[in-house]
Structures are given as structure tokens and as C-alpha cells.
Amino acid sequence: MFRRAMADPRPEVGITIDGAAVRAREGDTVAAALLASGRDVRRRTAVSGAARLPFCMMGVCFDCLVSIDGVGNRQGCLIAVREGMRVEVQRGARQVGR
Amino acid sequence: MSPPHESYDVVVVGAGPAGIAAATVAAEGGARTLLLDENPGPGGQVWRAIDSTPLRDEALLGADYWAGRREVERLRASPAEVIHRATVWSLDRHLEIAVSVGGGSAVLQARRVILATGAMERPFPIPGWTLPGVMTAGAAQGLLKGSGLVPDVPTVLAGQGPLLWLLAAQILRAGGRIERILETTPRLTAAALRHAPGFVLSPYFRKGLALMREVRGSVPVVRVTALEALGADRLEAVRYEAGGRHEEFAAGLLLLHQGVVPEVNLAMAAGVRHGWDEAQLCWRPETDADGQTSVPGIAIAGDGAGIGGAGAATLAGRIAGHAALTALGRDTDAAALAAARRGLRRALRGRAFLDRLYRPPDRFRIPAGDTIVCRCEEVRARDVLRAVEIGAAGPNQAKAYLRAGMGPCQGRLCGLTVTELIARARGRTPQQIGHYRLRPPVKPITLEELANLPADDEARAAVVR
């Protein structure tokens with residue numbers, strides 16, 4: 001859906017998305033890294049299971065909710081990627097204890 | 001990193017143009033100042049990622065973007081303490097602030113609070129607006145500024161307002177694709193033209209015309225009167241009505257925008273009195289010339305106090321910073337304050353014309369039938385109307401019946417729509433209908449975080465027998 005516009009001078013950051021290795025860039029938010037990955041990163045809503053992707057990218061809509069390093073319901077658009085970060089697309093509600 | 005102190009002279013919430021200016025002035029004037037911001041770096045939305053954007057060619061994002069660098073440098077040179085990734089989730093009449101940083105919360109006491117929570121994009125509830133592939137124009141702009149991302153699927157921009165044209169120009173300059181712009185602005189009315197002289201004198205005028213010329217040179221623009229996003233599990237096409245004819249256009253990305261509205265949740269939860277602004281079709285806090293609200297000690301600066309744009313927000317932030325210093329009994333620079341007031345009047349020139357010209361038509365604000373109103377709880381327009389039929393008098397009853405506004409966004413993306421829907425169904429004004437009653441925490445936090453708050457004797461006595 002999106003591609004990087006040009007040679008990006010920022011250092012690469014390695015993260016995993018649902019276990020697969022993905023190269024992001026320093027300064028990317030998690031939501032931006034997901035959208036730039038080319039992978040199917042649609043989450044599923046807790047209410048009806050409908051497919052969603054990030055909508056507002058500014059902390060308002062909560063459609064970018066993901067699990068980061070085992071903690072669910074994080075707003076991916078407000079959190080910067082870190083080397084080794086484990087991101088999982090959230091399908092349905094946050095699981096108890098995660 | 002939690003705040004190094006438990007009390008501050010001035011706490012500013014939000015590091016966009018208004019918050020940066022307010023914190024800078026307050027700290028330079030000798031007040032112990034803390035600036036709290038939810039994002040990884042300063043700039044808010046307008047100057048998003050100004051420290052880290054990969055788009056170093058200044059022509060791409062334009063001079064108005066890079067103007068933010070000067071303001072951020074001045075903030076950094078000041079003694080203000082700045083904490084990012086800090087989510088303020090409570091503020092009360094005693095100016096006690098609860099803030100979540102890195103999974104833990106702290107409670108702070110302020111002597112003055114300046115809210116600079118800015119604006120969010122106005123809800124654009126068309127059929128299909130929850131489909132993957134439908135985003136706000138601001139979201140695409142954030143991806144461009146923050147990560148240098150441009151659309152690489154067939155892309156349609158739809159809506160109206162200055163940001164739509166700016167975004168289109170920026171995407172095109174960065175080599176991204178835009179297949180079509182669907183313009184929802186109604187034709188110029190006499191009412192709008194009455195305000196035109198002020199606009200011609202404003203900085204928007206020349207910039208706006210140049211942007212439109214730049215974009216129209218390479219993208220077809222169609223004026224539409226109806227809009228729908230189609231697809232099963234993702235966006236496949238955009239259907240629209242133009243000149244009485246229905247057309248369908250295959251698209252993988254639809255970027256919506258019909259202006260911005262104040263982000264009111266924190267201010268409303270703090271008890272700040274708001275009223276319905278019929279010109280900007282949104283809630284607006286009651287503020288005086290210094291930004292002071294109905295709650296003593298709480299001021300609001302920038303777009304959160306009514307939409308005026310980044311230039312106006314910087315000046316309003318300075319004014320609020322000076323006012324906080326005065327209230328704290330400190331000296332302020334009278335000449336700088338007078339200059340900010342003059343500048344603010346100039347910056348707001350032409351705003352009345354923009355408000356009239358880009359007044360979003362009812363059909364794009366007040367949906368019908370199956371269209372989702374509350375994205376979080378997946379409540380549809382027809383559900384809200386049915387709730388009104390069986391006695392819901394306002395948004396709070398609709399919330400109790402339907403859970404509308406009870407999801408994680410806490411009514412930010414459905415509040416205006418629900419109020420206007422109910423107002424129209426009941427033949428009342430939005431002012432009479434009111435908004436959701438908002439309460440802390442204004443952003444979700446975990447029970448664990450709440451339980452780990454430092455407890456005082458009063459809190460212990462409330463639960464221990």
C-alpha cells in the first residue's frame with residue numbers, strides 16, 4: 001500500500017512481525033513499519049472480527065492496536081520501533097495476561 | 001523516565017506548535033516548566049518527526065514545515081523539561097495531573113496548566129470508511145513526514161480543505177501516486193464570499209492558489225455529491241456521484257479529509273466549559289484572550305481552543321505562556337506579548353472565509369442507514385436513530401443503550417456525529433443535545449497501572465478495614 005519514497009538515510013532496525021524478520025528504519029513508528037512491510041497486517045476487531053488497518057496515525061482512533069513484546073492493545077502509531085521488537089498483529093480482543 | 005519532580009509551576013500538555021511556544025516562554029521566564037507529549041518526538045502533527053524525517057530535501061515538505069525547527073531549537077535552549085511518550089490521562093480542578101510513561105503512572109501537581117492538545121481530523125462517516133485501505137489524509141501525511149512513505153497503489157483523495165491540497169502536492173513531489181481527487185466542497189456561496197476580502201489579505205490565499213495549481217496540473221479533480229468505499233475485507237473501489245451520475249473507480253487507498261476539529265477529551269474531562277461553534281461545527285472551549293478557561297488555572301492554546309492553524313497556534317501558545325508567568329507573579333516581556341497579540345490577529349485573518357468555504361456538507365457529516373458511526377463499538381447510524389425513537393435524549397443515553405463512545409477512542413471519532421445525528425432527529429441544536437460526559441482516564445490504561453499508583457493514607461483508608 002505504501003513504499004519508501006527514496007533512499008532512506010536512517011539506520012535499519014530489525015523487528016519481527018508475527019515471527020517474520022522485517023527491516024524497519026530508525027524513527028519509524030510500529031504502525032508505519034507494518035504498513036511499509038508489504039505484509040498483510042490487518043487486525044481483527046474485538047466486536048465483530050472485522051478487518052482493520054491504521055486509520056488516523058495520530059493516536060486518536062485505536063485502529064492500529066498491536067501486541068508488542070507480548071503486551072497487547074498497544075497503539076502502534078505512537079511507539080517507535082526498537083531493534084529486536086516482537087510485533088504481533090492482534091486478531092480480536094487482547095488476551096488476559098498479555 | 002518519569003517526571004523528575006512532583007510539582008511544577010507550569011505543566012504544558014502537547015508538543016505541537018502551541019505547546020512548544022507555551023513551554024518555551026514559561027521556562028524562559030523562570031517558571032519550573034514541564035512539557036508532556038504523547039509522541040516519540042516534538043512537533044505535534046504539523047511538524048511531525050521534524051528531528052527524524054528522512055525527507056531532508058526541504059522543498060518536499062515545504063517552508064511551513066521547516067519553520068518548526070526554529071521553535072524546537074528555542075525550546076531545547078530553554079530550561080523546560082520535556083518528556084515524550086507521556087500520556088496524560090487525568091487532569092482535575094485542583095490541577096492534579098496523572099501521566100503514564102513507559103507503563104507506569106505518576107501524579108503531578110501544577111500551579112498552572114496549559115493544554116495544547118491540538119486538533120484531530122473531523123470524522124468522515126461514509127459507507128465503508130472502516131475498511132482497510134481507507135485512512136485519513138493526515139495519516140498519509142504522517143507516514144510521509146515520519147517515514148518517507150508514499151502510496152504505491154491506485155490512490156484517491158476525497159474531501160476538502162487546505163490540508164487535502166497540501167498533502168496531494170507533497171505526495172506528488174515525493175514521487176507517490178494519486179489517481180483522482182474527489183472534491184466535496186459545495187460551490188461558493190454568497191455567505192462565503194462576504195468573508196472573501198479578509199481572505200485575500202491572508203497568507204492562505206496565495207499559498208492555497210499555488211498548491212491547487214500545482215496539483216490540478218497532474219491529477220484529475222471531480223466535484224462529488226456522494227461518496228462510498230466499497231470492498232469486502234479491504235478497499236476495492238470508490239463509488240461517487242458527480243453531476244447526477246454514479247461512477248465507480250478501482251482503488252487500493254482512499255484518503256479522507258474534511259477539516260480538523262479541536263481534540264476536547266482532556267479539557268472536557270477536567271470540567272472546562274465548552275459550547276457548540278456553529279461556524280466550525282464542533283465543540284469549542286470558552287476561553288478569554290489569554291486562553292484561560294472556565295476552570296481557574298487551566299488555559300488552552302492552539303487548535304484545541306478553536307481551529308486557527310499552526311501559525312496562530314504558536315502565537316496563542318506564547319500568549320498563554322506569558323499569561324501563566326503573570327499569574328505566577330513573574331515578570332513578562334510586555335513588548336513580546338504585544339507582538340504575539342498583533343501577530344495572532346493577523347494570523348486569524350481569512351479564517352472566517354475558510355470556515356465558510358470548507359463547511360462540510362450535512363451529507364458527509366450526518367450519515368444514515370448502515371453507515372458505521374462509532375468505529376470502536378461498530379454502532380451504525382440506524383442504531384442511533386432507533387435509540388432516539390425509544391427515548392434516548394442525548395449521547396449519554398445512546399452510550400448506555402448501544403455502547404457508542406465506550407470503546408478505546410472514547411468517543412473521539414463518533415462524538416460529533418452522534419450529537420449531530422440526535423440533534424437532527426430530535427429537532428434540537430447540538431448545543432441543546434450536548435456531548436458525551438467524559439471522564440478520566442481519557443486514554444485507556446491498565447488496571448495494573450492504576451493499582452500501582454502511589455497510595456496516600458486517604459486512599460488506603462477507603463479500602464482497608
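Convention: sequence-line order gives letters A, B, ...; per-chain numbering from 1.
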Exercise: do B/Arg173 and B/Gln170 side chains pair donor with acceptor under 3.5 Å: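 No, because no side-chain N or O of B/Arg173 sits under 3.5 Å from a partner of the opposite role on B/Gln170.
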- prompt: So, B/Arg69 and B/Glu58, do they make that salt bridge, N to O below 4.0 Å?
  reply: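 A salt bridge links B/Arg69 with B/Glu58.
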Sort [X] into side chain, backbone, both or neither according to what part of it lies under 4.5 angstrom from a heavy atom of chain A.
X	value
B/Arg403	neither
B/Thr446	side chain
B/Gln45	side chain
B/Ala49	neither

task: With a 4.5 angstrom heavy-atom cut-off, could you sort out which part of A/Gln75 is near chain B: side chain, backbone, both or neither?
output: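 A/Gln75 touches chain B through side-chain heavy atoms alone.
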message: Report which part of A/Arg42 has an atom under 4.5 Å of a heavy atom belonging to chain B: side chain, backbone, both, or neither.
response: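 Contact with chain B: side chain only.
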Smallest separation among heavy atoms of [X] and [Y], with atom names:
X	Y	answer
B/Ala168	B/Leu157	CB-CD2, 3.8 Å
B/Trp89	B/Leu450	CH2-CD1, 3.5 Å
A/Gln90	A/Arg94	NE2-N, 3.5 Å

field: Proximity of residues 1-10 of chain A to chain B, residues having a non-hydrogen atom under 4.5 angstrom
entry: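 Within residues 1-10 of chain A, the residues that come under 4.5 Å of chain B (heavy atoms only) are A/Met1, A/Phe2, A/Arg3, A/Arg4, A/Ala5, A/Met6, A/Asp8, A/Pro9, A/Arg10.
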field: From A/Asp63 atom CG to A/Leu53 atom CG, the distance as rounded to the nearest 0.5 Å
entry: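 These two atoms lie 8.5 Å from each other.
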- request: Under the salt bridge (Lys or Arg N to Asp or Glu O under 4.0 Å) rule, collect the residues that match up with B/Arg85, sequence neighbours excluded.
  value: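 By the salt bridge (Lys or Arg N to Asp or Glu O under 4.0 Å) rule, B/Arg85 matches no residue at all.
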- prompt: Between the side chain of B/Asn39 and the main-chain N/O of B/Gly41, is any donor-acceptor distance below 3.5 Å?
  reply: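 No; judged by distance alone, with no hydrogens or angles, the pair does not exist.
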